[in-house]
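The structure appears below as structure tokens.
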Amino acid sequence: MNRKDIKSLLNEKKEILLVIVPLLLGLYLRAQTLKWHRIFAYDPYFYYRQAVYFANGGHIHDIDPMIVTTIRRFSDNEYFLPLLWAYLGKIFHVDLWTLGIYLPLIIFVAQIIVVYKIGKDAFNWKVGFFAALFLSVMGAHVYRTHAGGIWKDTLGSLFMLMFLHATILILKEELLDRKKAFMYGIYLVLSLYLSIITFDGFGEFSLVVSLYLILSPLIAKPRKNEFLIAILMIPALLLGGTSVGTYWPWSDYPLKEIYLFVPFLIAAGVGITTLTVGYVLWKYTKREKIIYGSALTAGILGTLVLFWKFNQNPDRTSFWYPLYKFVHYLLNPDVTLLSAQSMSVSSEVLWLFFSTLFAFALIGSIVKGYYIIKASPKSQRQVNLLFLVLFAIGTFLGVATIRLTYLMSFGVAFLSATFFDRLLNVLQTKLPDRNKTAATLTAILLIATLPPFVEAKHYVSMSPLPNSYWLDATEWMRNNIPSETVFNWWDWGHWIQAFGVKTTSDNIYQRGTEYAWFVRVNENESPKLIKRTQELAKKNMGKNITINHVVISQDLLLKFSALNRYYPKDKLIQVYPFELVGVIGNTRIYSTPNGAELVVQFRENTTKAMLVYNGVTRELRDIVIEVPFKQNPHYGSGQDGYIAYITPYICFLIPSSLEDTILVKLLIFERSEKYKLIYDNGYVKVYKISNI
């Protein structure tokens with residue numbers, strides 16, 4: 001094969017070869033966490049334990065017996081991921097732990113291919129390539145697709161992208177015959193259904209498509225293509241909603257209230273209605289856009305007024321209550337008391353997850369607006385409208401709720417890609433010299449991709465969760481604690497279940513009330529919380545359970561934004577963390593971002609600590625040093641109002657008003673009459689209940 005033949009082959013295969021670039025770049029980033037050879041965070045451990053359960057012949061159950069206080073039907077949601085995980089392991093004879101580590105990388109590859117296809121089928125191969133490239137380096141996407149990061153979001157979003165692709169294929173058809181309608185229709189319904197049963201009933205992309213269908217008559221006369229999409233969404237949403245929102249027919253438990261499903265079904269129904277109105281107006285009037293726009297504006301304003309009135313006196317029995325709760329959650333997610341991931345996104349997180357790409361996406365939204373007005377044919381205007389809606393809804397939800405910044409990444413990728421496609425066209429027109437065009441585009445591409453790449457690399461380089469202390473502690477629990485229930489904070493439940501193979505009092509699914517108050521009260525009040533937990537477990541499980549062990553960890557001192565959700569405002573806990581910044585001889589220096597410093601001097605018979613803030617030095621007189629597997633030494637009399645809890649890499653200032661709480665007694669002072677310390681690795685501590 002000569003040089004001419006090679007050049008011809010490269011030209012023919014350039015699209016395929018270019019897609020390899022984002023794949024390799026993305027895999028390089030996401031493979032950074034392979035060195036830990038573990039699954040990460042909290043939720044994935046639930047899926048892992050369930051996958052093991054299914055792989056060993058377990059069947060779908062009504063109540064998860066490993067979490068005694070939480071009525072959790074395995075049939076209510078999130079069952080597809082562990083089922084798929086289990087059966088893939090059995091089919092390919094792969095260890096489930098190893099499969100869970102590598103499965104996110106496989107899903108990432110599939111997502112990049114689908115994203116490329118969406119961009120190509122909607123616009124051209126350049127948009128597909130740019131979108132795939134940007135997604136591969138975006139921290140918001142790395143956040144859920146790195147090795148070991150196997151969340152429901154990871155798999156569910158793949159099906160959401162497939163649903164979006166099916167929508168694009170239908171919209172782009174000028175003449176939609178029965179064969180294509182049938183094929184694309186199956187693709188659309190199946191992908192939407194799978195996204196719902198995988199991603200806990202949440203159908204962000206169905207909301208995107210529904211809003212697009214509502215707005216599309218402002219651009220062109222509705223075709224059967226739009227009607228087909230709207231009509232097919234209804235059964236997919238109904239089937240998916242009943243799958244995640246009800247118990248199995250043989251269960252004795254009642255229908256579950258669904259906040260995340262009803263609004264999407266309503267939106268799809270409204271889409272059919274507005275398409276019908278738009279079709280009639282386009283057929284019988286000449287001022288269809290003005291009339292339709294006025295009617296749509298009146299409908300939106302009327303809905304807002306009704307919502308405002310409903311907000312004054314919400315009726316829980318009303319059919320509209322789930323929609324009210326859904327909108328209320330979107331506007332103020334933090335009030336639902338779910339988790340830290342319900343909080344709005346800070347500017348620091350936006351930079352970490354998107355960096356310069358967010359700015360390019362904003363510019364891309366302007367380009368999209370221009371194309372909606374000027375593009376030809378009208379069907380292309382509609383496609384541009386769909387992607388603008390994707391970006392708008394994704395950005396709103398992603399900024400409102402940290403968890404959804406991952407889904408926001410797709411809109412950012414496509415809008416940024418639109419800008420670069422337009423930029424390339426301009427450069428080719430203004431700079432006939434191909435070398436200058438390539439150099440200019442490369443320079444701007446580096447500005448767009450290098451900062452998010454660096455931030456994503458930083459993200460995947462952070463310490464793993466759970467850390468080694470937790471792995472050691474759960475292994476000890478597995479070997480040294482009988483088959484009894486462990487009293488725990490809800491974040492830790494799945495680690496204890498997966499590694500310690502112990503039943504837990506709580507898990508990550510929005511419980512933890514009793515434990516939160518347990519660490520807040522004094523020692524004499526604490527047994528009431530344990531007894532209340534046992535009563536709740538009996539009510540749910542139908543049998544008595546015994547709680548003989550309590551787990552406490554330094555994690556709590558970094559979780560008070562979550563813990564404080566359970567307390568009245570006058571009961572909030574304040575803890576001030578200081579990170580180690582320097583060591584000089586027997587002196588350690590800790591600091592905070594606001595400039596406060598804590599200087600600790602270790603001496604043979606005494607230890608001193610000084611707080612330096614705003615030029616004022618204050619000597620601390622109540623100091624506790626964390627010593628693994630031994631009693632923590634305690635220095636001072638505690639007259640200054642703070643307890644300084646010193647650990648190797650971080651220390652905490654804790655108000656002395658908390659010194660009688662279970663938190664301080666068990667975690668810091670390590671002394672109690674009712675609880676006996678039986679394990680202490682300096683981070684995680686296990687107590688046996690001995691006197692209640």
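- Minimum interatomic distance between Thr198 and Phe159 (heavy atoms only, all atoms of both residues): OG1-CE1, 3.6 Å.
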task: Walk me through it: do Val412 and Met138 pass the test side-chain contact (heavy atoms from CB on, under 4.5 Å)?
output: CA-CA 9 Å; Val412 172; Met138 202 180 301; 4.0 Å; yes
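- Every residue was checked against the side chain to side chain contact (heavy atoms under 4.5 Å, CB included) condition with Pro628, not counting sequence neighbours, and none meets it.
- A donor-acceptor contact closer than 3.5 angstrom links the side chains of Asp555 and Trp470.
- Under a cut-off of 6.0 angstrom, the local environment of NZ in Lys538 is sparse, with at most 12 non-hydrogen atoms contributed by other residues, nucleotides or ligands.
- Although no hydrogens or angles enter the test, the distance criterion places a donor-acceptor pair under 3.5 Å between the side chain of Asn479 and the main chain of Glu475.
- The minimum heavy-atom distance between Gly149 and Phe40, with the atom names listed, is N-CD1, 4.5 Å.
- Within the 3.5 Å criterion, the main-chain N or O of His37 finds a donor-acceptor partner in the side chain of Trp97.
- Minimum interatomic distance between Met477 and Val686 (heavy atoms only, all atoms of both residues): CE-CG2, 4.1 Å.
- In terms of modelled atom types and a separation under 3.5 Å, the side chain of Thr33 and the main chain of Ala147 share a donor-acceptor contact.
- With hydrogens and angles disregarded, a donor-acceptor distance shorter than 3.5 Å links the side chain of Lys685 to the backbone of Leu667.
- Put simply, NZ on Lys531 and CD1 on Ile547 are 12.0 Å apart, with the number rounded to the nearest 0.5 Å.
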task: Apply the test ring pair (Phe, Tyr, Trp, His ring centres under 6.0 Å) to residues Phe518 and Tyr675: give CA-CA distance (whole Å), side-chain angles for both, the deciding distance (0.1 Å), then the verdict.
output: CA-CA 13 Å; Phe518 173 81; Tyr675 307 94; 5.8 Å; yes
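- Between Phe499 and Tyr45, the distance from one ring center to the other falls under 6.0 angstrom.
- Trp517 is not listed as a side-chain neighbour of Tyr515, based on a closest heavy-atom distance of 4.5 Å or more.
- With no hydrogens or angles considered, no side-chain donor-acceptor pair links Tyr683 and Thr647 at under 3.5 Å.
- The structure places CZ of Phe205 at 13.0 Å from CE of Met162, a figure rounded to the nearest 0.5 Å.
- Here the shortest heavy-atom pairing between Val137 and Ala456 reads O-CB, 3.6 Å.
- For Glu579, the CD atom sits in a loose shell: 12 or fewer heavy atoms of surrounding residues, nucleotides or ligands are nearer than 6.0 Å.
- Taking the ring axis of Phe108 as reference, the NZ or CZ atom of Arg30 stays within 45° of it and closer than 6.0 Å to the ring centre.
- For Phe669, the CZ atom counts as densely surrounded, since its 6.0 Å shell holds more than 12 non-hydrogen atoms of other residues, nucleotides or ligands.
- Counting only N and O atoms by type, the side chains of Tyr406 and Ser157 include a donor and acceptor under 3.5 Å apart.
- For the atom pair Thr154 OG1 and Ile106 CD1, the distance stands at 12.5 Å (nearest 0.5 Å).
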- request: Mind running salt bridge (Lys or Arg N to Asp or Glu O under 4.0 Å) on Glu525 and Lys528 for me, showing each step along the way?
  value: CA-CA 6 Å; Glu525 291 291 316; Lys528 297 179 182 178; 3.3 Å; yes
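- Atom NZ of Lys543 has 12 or fewer neighbouring heavy atoms from other residues, nucleotides or ligands inside a 6.0 Å radius.
- Between Ala537 and Ile545, the shortest heavy-atom distance links the atoms CB-CG1, 3.5 Å.
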field: Worked check of side-chain contact (heavy atoms from CB on, under 4.5 Å) between Phe353 and His141
entry: CA-CA 8 Å; Phe353 281 172; His141 196 264; over 6 Å; no
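- Residues meeting the side chain to side chain contact (heavy atoms under 4.5 Å, CB included) test with Asn564, sequence neighbours left out: Phe560, Tyr567, Leu572, Ile573.
- Checked against a 6.0 Å centroid threshold, the rings of Tyr48 and His494 do not count as neighbours.
- In this structure, CD1 in Ile650 is found 5.0 Å from CG in Leu558, a value given to the nearest 0.5 Å.
- Residues that satisfy the side chain to side chain contact (heavy atoms under 4.5 Å, CB included) test with Pro482, not counting sequence neighbours, are Glu484, His549.
- Under the 6.0 Å cut-off for aromatic ring centres, Trp495 and Tyr42 qualify, their centroids lying closer than that.
- Counting only N and O atoms by type, the side chains of Ser672 and Glu523 include a donor and acceptor under 3.5 Å apart.
- Between the side chain of Tyr193 and the main chain of Leu237, no donor-acceptor pair closer than 3.5 Å is present.
- More than 12 non-hydrogen atoms from other residues, nucleotides or ligands lie less than 6.0 angstrom from CZ of Phe629.
- Counting only distance, with no hydrogens or angles, the side chain of Thr504 and the backbone of Val486 share no donor-acceptor pair below 3.5 Å.
- When all heavy atoms of Pro464 and Arg38 are compared, the closest pair comes out as CG-NH1, 3.5 Å.
- Checked against a 6.0 Å centroid threshold, the rings of Trp492 and Phe487 do not count as neighbours.
- Using a distance-only test at 3.5 Å, with no hydrogens or angles considered, no donor-acceptor pair links the side chain of Arg520 to the main chain of Leu563.
- To the nearest 0.5 angstrom, Ser505 atom OG is 13.0 Å from Arg532 atom CZ.
- The closest donor-acceptor contact from the side chain of Trp85 to the backbone of Gln50 lies at 3.5 Å or more, if one exists at all.
- Looking only at distances, a side-chain donor or acceptor of Asn632 sits under 3.5 Å from a matching main-chain atom of Ile668.
- Side chain of Glu626 to backbone of Cys651: no donor-acceptor contact under 3.5 angstrom is found.
- Between Tyr143 and Trp151, the angle of the ring planes lies from 30° to 60°, which puts this pair in the tilted group.
- From Thr513, atom OG1 reaches atom CG of Leu529 across 10.0 Å, with rounding to the nearest 0.5 Å.
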field: Worked check of side-chain contact (heavy atoms from CB on, under 4.5 Å) between Trp476 and Ile678
entry: CA-CA 10 Å; Trp476 183 90; Ile678 58 175; 3.6 Å; yes
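- Taking a 6.0 Å sphere around OH of Tyr469, one finds it holds 12 or fewer heavy atoms contributed by other residues, nucleotides or ligands.
- Counting heavy atoms from C-beta outward, Leu192 and Ser206 have side chains that approach closer than 4.5 Å.
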query: Passes side-chain contact (heavy atoms from CB on, under 4.5 Å), Tyr102 versus Leu34? Steps please.
result: CA-CA 8 Å; Tyr102 285 92; Leu34 283 175; 3.8 Å; yes
